[in-house]
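Please read the structure below before turning to the comments.
What you are looking at is a predicted structure, and each value in this text was computed from that prediction instead of being measured. The sequence lines fix the lettering, A, B, ..., with proteins before strands; numbering per chain opens at 1.
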There are 2 protein chains.
Amino acid sequence: MTALSAEAAASFDALWSQISVIGRSSTGGYRRFAWTASDAAMREWFIGAARDRGLDVQTDRNGNLWAWWRPDAHGDERAFVTGSHLDSVPDGGAFDGPLGVIGALCAVDELKARGVRLRKPVAVTVFADEEGARFGLACVGSRLMTGGLEPDRARALTDEDGISLAAAMTSAGVDVAAIGRDDELLRCIELFVELHIEQGRALVDSDAAVGIGTGVWPHGRWRFSISGRADHAGTTQLDDRRDPMLCVGELVLEARRQAEQHGGLATVGRVVVEPNAVNGIPSRVSAWLDARAADQEALDRMLIGVAERVGRRASFEQVESVLTNESLTSATEFAPEVRHRMLTCLGADTPLLATGAGHDAAILASQVPTGMLFVRNAIGTSHSPEEFAERADCLAGVRALADLIEDWLRP
Amino acid sequence: MTALSAEAAASFDALWSQISVIGRSSTGGYRRFAWTASDAAMREWFIGAARDRGLDVQTDRNGNLWAWWRPDAHGDERAFVTGSHLDSVPDGGAFDGPLGVIGALCAVDELKARGVRLRKPVAVTVFADEEGARFGLACVGSRLMTGGLEPDRARALTDEDGISLAAAMTSAGVDVAAIGRDDELLRCIELFVELHIEQGRALVDSDAAVGIGTGVWPHGRWRFSISGRADHAGTTQLDDRRDPMLCVGELVLEARRQAEQHGGLATVGRVVVEPNAVNGIPSRVSAWLDARAADQEALDRMLIGVAERVGRRASFEQVESVLTNESLTSATEFAPEVRHRMLTCLGADTPLLATGAGHDAAILASQVPTGMLFVRNAIGTSHSPEEFAERADCLAGVRALADLIEDWLRP
């Protein structure tokens, strides 16, 4: 592995400081939701940073950004594409997404500093709406591009205020009539590699600052919409109640039991209560289950176990529970030949790790050879203001990415 | 019992229709929170309706409204006071509160139609902020007047937007420096009777349209503030999590078990999750327990049972759970001599009922002889858009109230 140049390290520091205040909330975390003002500010920042590097910036039909670095003379060679996303979850950390975008720009700087001859195009991408924090569906930009999401379904997604994704994208200048699978763009990609902060503790206790992704667990989101009957908390006898909250109690506890039993992960992170009054039985509660497991069968068994438990309590309480799958992503294995080449380039002792987290790379993997690089997370925490990676580890990630591109550019 | 005059019945219909659109939400229920625009509209309506009847309207030091009907020549006779409140819970019903105010105004019309000679003053009151939907504490107006709430504590209460009760009352023209126990006003009250819709099924299957309240169960509100650690739902192993939501699951299910065991009522009607993201472990969850029981010992045992269960899970999950009592109202028994006189006047077969719901009458009862009249609830549902009482039953309530006042005015 070559050492990282001073130029690329300086670029990293400069780019990082430029975005540190964009969309920051009082918690210290970030609220950069897709197609909002803070998201627009991030996108503007990216366009400026890419143009500063002489890259040709284009917005694709689905609102994803592409910054092209092309050889002076070139034919129809396909590109090494690298990038990530700039949106965040509510009060998300600084690294989830931006590290992969800044890392990609710095890798370009690094290759220039090394004087690498560009034989094929390199593109830096920013995929739109990866987290799904606003419209409820993750990886919308990459799903649309690969045809994994129907344009009609995407246009009809709405946020909490009832604003449709179609309206939000239109306001941002995207022609939503033209969204959908982009074969022309997919044909330009020879390889996609996403650099990302690791989101667990897989590297915390290892000597390695960087690991190679092997794949993504199957995972999905399910909404339990439970309708009861609003009533006075102080006068309605227990037998007369139709209290939907009791099903939420069952859901929360059973989800954890099922995850333990099947070695998976299950989380109830979002609950919306109506009317949410201290002295009133709720009329309706919606609760979301995020579930992940090492294989589809385990995931199915977890979900069935939770749904049965909630359903039984709903019957008993005479409330109506409707279960809706909002997203489901099958198990993804990144291309073995890409992983093999990454191991050869970065060292055979580089840790290999699977993750429960979804990524644009997992969406791209259905269409093009794909790999992922993970940078060690210092505390194992993500989707939190506390999320943190050491600067030295981030720079090691940039260096690994630059090494992979240089290796790929060799004749 | 005398029949209700056509004049009073016509008043009832007119007054009812005047307020039907004020503060109505899309659910069909009402959102008339204390010291908001819809609350102000209700208060303005009351002032107009009282003045139309020649009543002398005053706002007391605590923001409660008093409409006085005084004899032409009078000494220091104390008054028969009747009234209720005009604010609502979120998406509350039409009857809870307004029935007692409209009923009181109609009782005045009825007494005039009957040509009753006014030997002592009658006052119609509107107590401010009974539901506590906005500032979290119920019966603020009556608690302040009776000295049951410290002025400093009241002024410091805040709503969801961080607006203090002091600021909200000041905006509405109340001098918040002067709030607090009002001995002068309390001395003017000989008897307080509140007419209210019944909030359960105590009268549904009875032949009686009207019942007499015997007292209010001890009841309170407790907030569980549970702090964990925000983290990624897809990558944080179960053992590494500090997920506060698990305690909410325990709280919801244990509250119901304790209520069953002790013959009480327990409700978790309000839950606030931060950051409330589908794919994130919450950093913090606040959940409110409303608990009521026939006696204080049962209520204490229920709360201890719930708190122990939540506390054990909090220890196990390494999250911090802080329990705060937001309000606690001891058992109230309405004055037996008032109840006896009501039974004599309305008929010895009039049903007697205790309730789990708090009322301004229960606050007043600590200071002055107090009684309550309940109008049959057609479906047993309250704090809901569906809340309903038949017109004939409401008019029976007005007639009963007028009968009580007429009886009291006799020499």
Side-chain angles (χ1 to χ4, degrees), chain A residues 29 89-91 131-133 136 138 198-201 217 219 221 229-238 240 243 245-246 248-253 256 259-260 265 267-273 275-283 288 290 292 355-358 380-386, chain B residues 89-91 131-133 136 138 198-201 217 219 221 229-238 240 243 245-246 248-253 256 259-260 265 267-283 288 290 292 355-358 380-386:
Chain A
V89 294
D91 301 312
E131 297 287 5
E198 211 266 299
Q199 296 180 285
R201 303 180 58 81
W217 283 11
H219 58 277
R221 296 176 178 185
R229 187 178 60 211
D231 236 323
H232 192 299
T235 54
T236 314
Q237 298 307 307
L238 299 181
D240 294 333
D243 184 349
M245 190 69 86
L246 294 161
V248 176
E250 299 283 359
L251 166 61
V252 167
L253 298 182
R256 170 57 68 97
E260 284 168 349
L265 299 173
T267 310
V268 178
R270 179 170 171 80
V271 174
V272 175
V273 185
N276 214 22
V278 177
N279 60 350
I281 297 163
S283 58
W288 281 259
D290 177 300
R292 318 191 184 218
T355 175
T381 290
S382 186
H383 281 197
S384 159
E386 296 172 44
Chain B
V89 294
D91 301 312
E131 296 287 6
E198 211 264 301
Q199 298 180 285
R201 302 180 58 81
W217 283 11
H219 58 277
R221 298 177 176 184
R229 188 178 60 210
D231 235 324
H232 192 299
T235 55
T236 314
Q237 297 306 306
L238 299 182
D240 294 332
D243 184 349
M245 191 67 87
L246 294 161
V248 177
E250 299 284 359
L251 166 61
V252 168
L253 298 183
R256 170 57 68 99
E260 284 167 352
L265 298 173
T267 310
V268 179
R270 180 170 171 79
V271 174
V272 174
V273 185
E274 300 169 34
N276 214 21
V278 178
N279 60 350
I281 297 162
S283 58
W288 282 258
D290 177 300
R292 319 191 183 218
T355 175
T381 290
S382 185
H383 281 197
S384 159
E386 295 172 45

Side chain, backbone, both or neither of Glu386(B) within contact of chain A (heavy atoms, under 4.5 Å): side chain

Any Val272(B) side-chain heavy atom under 4.5 Å of Asn276(A) side chain: yes

Pairwise side-chain contact, Met245(A) with Thr267(B), heavy-atom cut-off 4.5 Å (strictly under): no

Greatest number of heavy atom pairs closer than 4.5 Å to chain A - which of Ala259(B), Gly200(B), Gly269(B), Gly136(B): Gly269(B)

Atom pair CZ (Arg201(A)) and CG (Asp240(B)), whose distance is rounded to the nearest 0.5 Å: 5.0 Å

Engaged part of Glu250(B) at the chain A interface, taking heavy atoms whose separation is under 4.5 Å: both

Largest heavy-atom contact set with chain A, pairs under 4.5 Å, which of Ser283(B), Ala138(B), Gly380(B), Gly249(B): Gly249(B)

Spatial distance of atom CZ (Arg229(B)) from atom OG1 (Thr381(A)) [nearest 0.5 Å]: 4.0 Å

Region of Asp243(B) in contact with chain A, defined by heavy-atom distances below 4.5 Å: side chain

Taking every non-hydrogen atom, the tightest pair across Val273(A) and Val271(B): CG2-CB, 4.0 Å

Heavy-atom pairs under 4.5 Å with chain A, option from Asp290(B), Thr235(B), Leu246(B) with the top count: Thr235(B)

Side chain His383(B), main chain Asn279(A), donor-acceptor under 3.5 Å: yes

Atom of Gln199(B), atom of Thr236(A) and distance for their closest heavy-atom approach: O-OG1, 4.4 Å

When Ala133(B), Pro385(B), Gly132(B), Ser382(B) are compared by non-hydrogen pairs under 4.5 Å with chain A, the top option: Ser382(B)

Considering all heavy atoms, the nearest Pro275(A)-Asp91(B) contact: CB-OD2, 3.7 Å

Nearest heavy-atom neighbours spanning Ser384(A) and Asp231(B): CB-N, 4.4 Å

Region of Val248(B) that comes under 4.5 Å of a non-hydrogen atom in chain A: neither

Under 3.5 Å: donor-acceptor pair, side chain of Arg270(B), backbone of Ala277(A): no

Heavy-atom pairs under 4.5 Å with chain A, option from Ile281(B), Val89(B), Leu251(B), Leu253(B) with the top count: Leu253(B)

Proximal component of Ala233(B), with respect to chain A [non-hydrogen, under 4.5 Å]: both

